[in-house]
Amino acid sequence: MKTMYVYIITNKRYGTLYIGVTNDLCRRIYEHKHKILQGFSAKYNLDKLVYYEIIDGEEQAIYREKKLKKYNRNWKIDLIEKMNPNWDDLYSSIC
């Protein structure tokens, strides 16, 4: 099975949230940080990794991403704060 990641990035604590899925978390967050990919994350300066999950399998990861996107904002904030109460940028600790 392929290892996948579902992640949440933001621009600041309680800021705009973006949920994505990737097979290479370090590369993907690097792309967000350096605005290599133009789009929502570049437009809103979303470059801080505040939450991620490791998931086995592409289908399961895509399913989880879609599920997270459907939850309301307060639920997403609670999810982030359970893993990362200070909203630290986790990029440097995992990459």
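Counting only heavy atoms from C-beta outward, the side chains of Leu79 and Leu68 approach each other to under 4.5 Å. Between Ile80 and Ile8, the closest side-chain pair of non-hydrogen atoms falls below 4.5 Å. Between Ile19 and Lys76 there is a side-chain heavy-atom pair separated by less than 4.5 Å. At a threshold of 4.5 Å between non-hydrogen side-chain atoms, the residues Cys95 and Ile29 do not count as touching.
Under 3.5 Å, the side chains of Asn45 and Lys35 contain a donor-acceptor pair of N or O atoms.
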Practice prompt. Might you work through the salt bridge (Lys or Arg N to Asp or Glu O under 4.0 Å) test for Arg73 and Asp78, ending with a clear yes or no?
Written response: CA-CA 9 Å; Arg73 180 175 172 78; Asp78 287 343; over 6 Å; no

Q: In sequence, state the C-alpha distance, the side-chain angles, and the governing distance for Thr3 and Asn23, and then conclude on side-chain contact (heavy atoms from CB on, under 4.5 Å).
A: CA-CA 6 Å; Thr3 300; Asn23 66 346; over 6 Å; no

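In the displayed structure, Lys69 atom NZ is contacted under 6.0 Å by more than 12 heavy atoms of other residues, nucleotides or ligands. Atom CD of Glu59 has 12 or fewer neighbouring heavy atoms from other residues, nucleotides or ligands inside a 6.0 Å radius.
Residues that satisfy the side-chain contact (heavy atoms from CB on, under 4.5 Å) test with Gln60, not counting sequence neighbours, are Met1, Ile55. By the salt bridge (Lys or Arg N to Asp or Glu O under 4.0 Å) test, Lys2 is found to be paired with no residue, residues two or more places apart in sequence or in another chain being considered. Residues passing the side chain to side chain donor-acceptor pair (under 3.5 Å) test with Asn11, sequence neighbours excluded: none. Annotation: salt bridge (Lys or Arg N to Asp or Glu O under 4.0 Å) contacts of Glu53 (sequence neighbours excluded): Arg64.
Electrostatic pairing of Asp47 and Lys12 does not count as a salt bridge here, judged by no charged N lying under 4.0 Å from a carboxylate O.
Side-chain N or O atoms of Asp89 include one that pairs as donor or acceptor with a backbone N or O of Leu49 at under 3.5 Å. Between the side chain of Asn86 and the main chain of Asp88, no donor-acceptor pair closer than 3.5 Å is present.
Tyr63 and Val21 fall into different hydrophobic clusters, where Ile, Leu, Val, Met, Phe, Trp and Tyr are joined by side-chain heavy atoms under 4.5 Å apart, directly or via other members.
Residue pairs meeting the ring-ring contact (aromatic ring centres under 6.0 Å, His included) criterion with at least one partner in residues 67-92, sequence neighbours excluded, are Tyr14-Trp87, Tyr71-Trp75. Every pair passing ring-ring contact (aromatic ring centres under 6.0 Å, His included) that includes a residue from residues 22-48 is listed here, sequence neighbours excluded: Tyr7-His32, Tyr18-His32, Tyr30-His34, Phe40-Tyr44.
Asn72 approaches Asn74 most closely through the heavy-atom pair OD1-N, 3.0 Å. Met83 approaches Tyr51 most closely through the heavy-atom pair SD-CD1, 3.3 Å.
A distance of 11.5 Å separates NZ in Lys33 from OG in Ser41, rounded to the nearest 0.5 Å. Distance CG/Asp56 to CE/Met4: 11.0 Å, rounded to 0.5 Å.
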